[in-house]
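See structure below.
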Amino acid sequence: MILVLLGPPGAGKGTQARRLTERRGLPQLSTGDMLRAEIAGGGAFGKQAAAVMDSGRLMPDEIMTGIISNRIDVADCADGFILDGFPRTSAQAGTLDDLLAGKGLVLDAVLLLDVDEEALVERISGRFTCRNCGEGYHDRFKPTAEEGRCDKCGSLDLERRPDDSAETVRERLRVYRSQTAPILPYYEAKGLLRRVDGMAEIGEVARQIDVALGGESGSLFPNG
Ligand code: AMP
């Protein structure tokens, strides 16, 4: 199954992508995580990416489509994958169609996490992640049981994203509205768009995603 997760920054795409990975065994292809890995690597490309990300703007389409095209060819994507953070512009959506067609693949569904933008800044500015296992937390909505220690793997290595500052978040929201939201009618016209309530509690959002995908079994077409 090939899925796209769409929604503004802070909608919960990463959280839901990780849950889908756990439940359905599909790899999460997060372009943001790939860029952050490049930044951590310290190379020239990583430095360029850091400057763009810290400003809240988007990386060039050709670079991102190249990265995704290569990633889709890796063996773990053979049975499907979840795109988290891609496509983010109309050009990327068009290129994704061409890429998939060229590889004989078909996009099954686009899940839109619908959220109230007013709530996003609070959501985003309180979040942090375990660097070891990737589990996501939030100061208010999902704190760790023991301060400073990951509940899942016990690591003390917790981090906040530099682009989660209030100023950058506002720019990321502006970019979402102007460049990413216009993709929605495109997928709606193709009959692929499924909306879920991204304001609901994490488990409820996951349940709505299961329903939108045709049940826990993962079949979009339970009778066929
Ligand atoms: P994310 O982790 O998905 O919120 O992405 C963080 C940042 O990485 C974005 O604000 C962009 O600067 C960059 N980025 C991630 N995915 C893309 C993409 N598909 N196209 C362009 N820039 C991207």
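Both counts, for ligands and for their atoms, begin at 1 and track the order of listing. Residue indices begin at 1 and follow the sequence shown. This one's a predicted model, so the numbers in the text were calculated from it and none came from an experiment.
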Q. Got the residues with a heavy atom under 4.0 Å of ligand 1, by chain and number?
A. T31, G32, L35, R36, M53, R57, L58, M59, M64, G85, F86, R88, Q92, R161, D163, R172

Q: Using modelled atom types only, decide if a donor and an acceptor are shared between the side chain of K47 and the backbone of G42 within a distance under 3.5 Å.
A: yes

Q. Side chain to side chain donor-acceptor pair (under 3.5 Å) with E146: which residues, sequence neighbours excluded?
A. R149

**Q.** Residue pairs involving residues 110-140 (criterion ring-ring contact (aromatic ring centres under 6.0 Å, His included); sequence neighbours excluded)
**A.** F128-Y137, H138-F141

Q.
I need the full list of ring-ring contact (aromatic ring centres under 6.0 Å, His included) pairs touching residues 157-189, with sequence neighbours left out, sorted by first then second residue.
A. none

Q: Please answer: with hydrophobic residues joined when any side-chain heavy atoms are less than 4.5 Å apart, are L99 and L5 in the same cluster?
A: no

Q. Do T168 side-chain atoms and D164 backbone N/O form a donor-acceptor pair below 3.5 Å?
A. no

